[in-house]
2 protein chains.
Amino acid sequence: MVDKEKSKGRGRPRAFDRDRALDQAQALFHAQGYEGIGVAALAQAMGVNPPSLYAAFGSKAQLFEEVLERYARSALPVDTLLAEGAEPVAALTALLRVAAAIYTADPQAPGCLVLEGARGADPDAALRARVWREASAARIAAFVAHTHAGKAATVADYMVSIMSGLSADARAGHDVARLTAVADMAALALQEMLTKAG
Amino acid sequence: MVDKEKSKGRGRPRAFDRDRALDQAQALFHAQGYEGIGVAALAQAMGVNPPSLYAAFGSKAQLFEEVLERYARSALPVDTLLAEGAEPVAALTALLRVAAAIYTADPQAPGCLVLEGARGADPDAALRARVWREASAARIAAFVAHTHAGKAATVADYMVSIMSGLSADARAGHDVARLTAVADMAALALQEMLTKAG
DNA sequence: CTAAATTTGTAATGATCGCTATATAAATGA
DNA sequence: TCATTTATATAGCGATCATTACAAATTTAG
């Protein structure tokens, strides 16, 4: 019984582009964090008044959830990098290096929106972000399990932990070279873990 | 010309224990984050009214700074673990394992107060926490430089990044076993980095 | 042309934010 | 004793928080 957006209904038509509004919200959430940006500032950047924001998205937390989903689905090319037949060490190393690049690509939106959101003080926002954090861990674990079933959980934990550290580095202002150096060093552990017996 | 606390002065004596008040503040900041706890709640937990808090500590940000310093000096036994003659791989591995244990020791205060504070949305608090984050990186870099001067900066970056990831894991609710598994896997990269030529 | 439906902008809600003006209480120094 | 100094508690400051009443505007259905 939840109303979904119908392309054409009866009343007054919406005066703003929902996707463009979400783009603006994503930029602000990424730059300032969930708690660092207020609804008034969000609404202004989205070119909308607060009541329209609430009518369209429900609440600040629900807006954040929609932004998180868009980001999680598009930020990292996980499905491309972790294709079924890919060599595990190379694929995971590539994922870390791409993360290092993407986390530093936009100086005004450093780090990973999901991983940073998962650490926020607001329990509602953190919970919603953690859903995607865990989804990413599960995605990596499934990939690793194809070749190293017994190590999948630990390797996935390790990957998410490394990416969380890279995200924090990016937010601390480190540049792509420093992030990449850390990513490459982290890859040494992948090599050891996945190519030696144990 | 900054007034320092004198053990005895003229006026009415302070009615609370400054150190115990800082303990309470540290517990709340650690549990809820700088932005997650308000001055009113801090004052109540410290057994003090807001004006006394401001008279004793200056501001919320300055109180946080004092808490950070206490925490940074006492949370991890860095000076013991990174003693001058210690073997680098073993010492740094031990530091990661101790961090994993400490970050999960108190379920109500998971993670590292400094590393989590350095990530907050409040620029004032984040800046003050980043001072200690960088101090830790410098401390580790100096230790590594004794034996591997050319790799000190990258290894220090790596260590801080790993610890930041472990702190995020702790805040996500992972237990000490999962954190330790990640720490041990991260140690494989230390072994590779510091015992092979390059 | 009218009624129902939906979005719009204006303006305000109560709550909480960090912080402080004010007056009183309690200590010391003269 | 009495002025000075410092800490105390009460109470409230303006600002901002997420959220929403409300009425005017704009659409389609009948």
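All chains are named by letter (A, B, ...) in the order of the sequence lines, taking the proteins before the strands, and each is independently numbered beginning at 1.
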Practice task
Would you indicate which nucleotide in dC19(C), dA18(D), dT8(C) comes nearest to any side-chain atom of Tyr54(B)?
Solution key: dC19(C)

Practice task
Return the set of residues passing side chain to side chain donor-acceptor pair (under 3.5 Å) with Thr80(B) (not counting sequence neighbours), or none when no residue passes.
Solution key: none

Mind listing the side-chain donor-acceptor pairs of residues 106-115 of chain A below 3.5 Å, one per line with the distance, residues two or more places apart or on another chain?
| from | atom 1 | to | atom 2 | distance (Å) |
| --- | --- | --- | --- | --- |
| Asp106(A) | OD1 | Gln108(A) | N | 2.9 |

Fill in the blank from the handout: Here the distance between atom P of dG18(C) and atom CG of Asp122(B), to the nearest Å, is 9 Å

Handout entry: Ser52(A) side chain vs Val48(A) backbone, donor-acceptor pair below 3.5 Å
Key = no

With the criterion being N/O to N/O and under 3.5 Å, what pairs connect the protein with nucleotides 9-11 of chain C, and how long is each?
| from | atom 1 | to | atom 2 | distance (Å) |
| --- | --- | --- | --- | --- |
| dG9(C) | OP2 | Asn49(A) | OD1 | 2.5 |
| dG9(C) | O5' | Asn49(A) | OD1 | 3.0 |

Handout entry: Under-4.0 Å salt bridge between Asp19(B) and Arg70(B)
Key = yes

Problem - Pairs meeting criterion side chain to side chain donor-acceptor pair (under 3.5 Å) with involvement of residues 165-175 of chain A, two or more places apart - result: Glu116(A)-Ser167(A), Asp169(A)-Arg133(B), Asp169(A)-Ser161(B)

Problem - Rounded distance in Å - NZ (Lys60(A)) to C1' (dA15(C)) - result: 15 Å

Exercise for the section: Please list, by residue number, the residues of residues 27-36 of chain A whose heavy atoms come closer than 4.0 Å to an atom of DNA chain D; answer none if no residue qualifies. Expected result: none

Practice task
Write out all pairs satisfying salt bridge (Lys or Arg N to Asp or Glu O under 4.0 Å) with one or both partners inside residues 76-89 of chain B, taking only residues at least two apart or from two chains.
Solution key: Asp79(B)-Arg139(B)

Fill in the blank from the handout: Atom CZ of Arg14(B) and atom P of dT6(D) are separated, to the nearest Å, by 12 Å

Handout entry: Sorted by number, the residues of residues 37-45 of chain B with heavy-atom contact under 4.0 Å to DNA chain C
Key = Ile37(B), Gly38(B), Val39(B)

Exercise for the section: For Ala121(A), enumerate each residue passing the side-chain contact (heavy atoms from CB on, under 4.5 Å) test, keeping only those at least two apart in sequence or located in another chain. Expected result: Glu35(A)

Exercise for the section: Mind checking ring-ring contact (aromatic ring centres under 6.0 Å, His included) for Tyr71(B) and listing every partner two or more places apart, or none if nothing turns up? Expected result: His30(B)

Handout entry: Under the side chain to side chain donor-acceptor pair (under 3.5 Å) test, residues paired with Arg12(B) that sit two or more places apart
Key = none

Fill in the blank from the handout: When rounded to whole Å, the CZ to P distance for the pair Phe57(B) and dA7(D) reads 11 Å

Practice task
Sequence neighbours left out, what passes ring-ring contact (aromatic ring centres under 6.0 Å, His included) with Phe29(A)? Give chain and number order.
Solution key: Tyr34(A), Phe64(A)

Practice task
May I ask you to say what Ala15(A) touches in the nucleic acid, namely base, sugar-phosphate or nothing, with a heavy-atom cut-off under 4.0 Å?
Solution key: sugar-phosphate

Exercise for the section: Return each pair, listed once, that meets side chain to side chain donor-acceptor pair (under 3.5 Å) where at least one residue sits in residues 189-198 of chain B; pairs must be two or more places apart or across chains. Expected result: Glu192(B)-Lys196(B)

Exercise for the section: Mind calculating the distance between CZ (Arg10(B)) and P (dT6(D)) to the nearest angstrom? Expected result: 8 Å

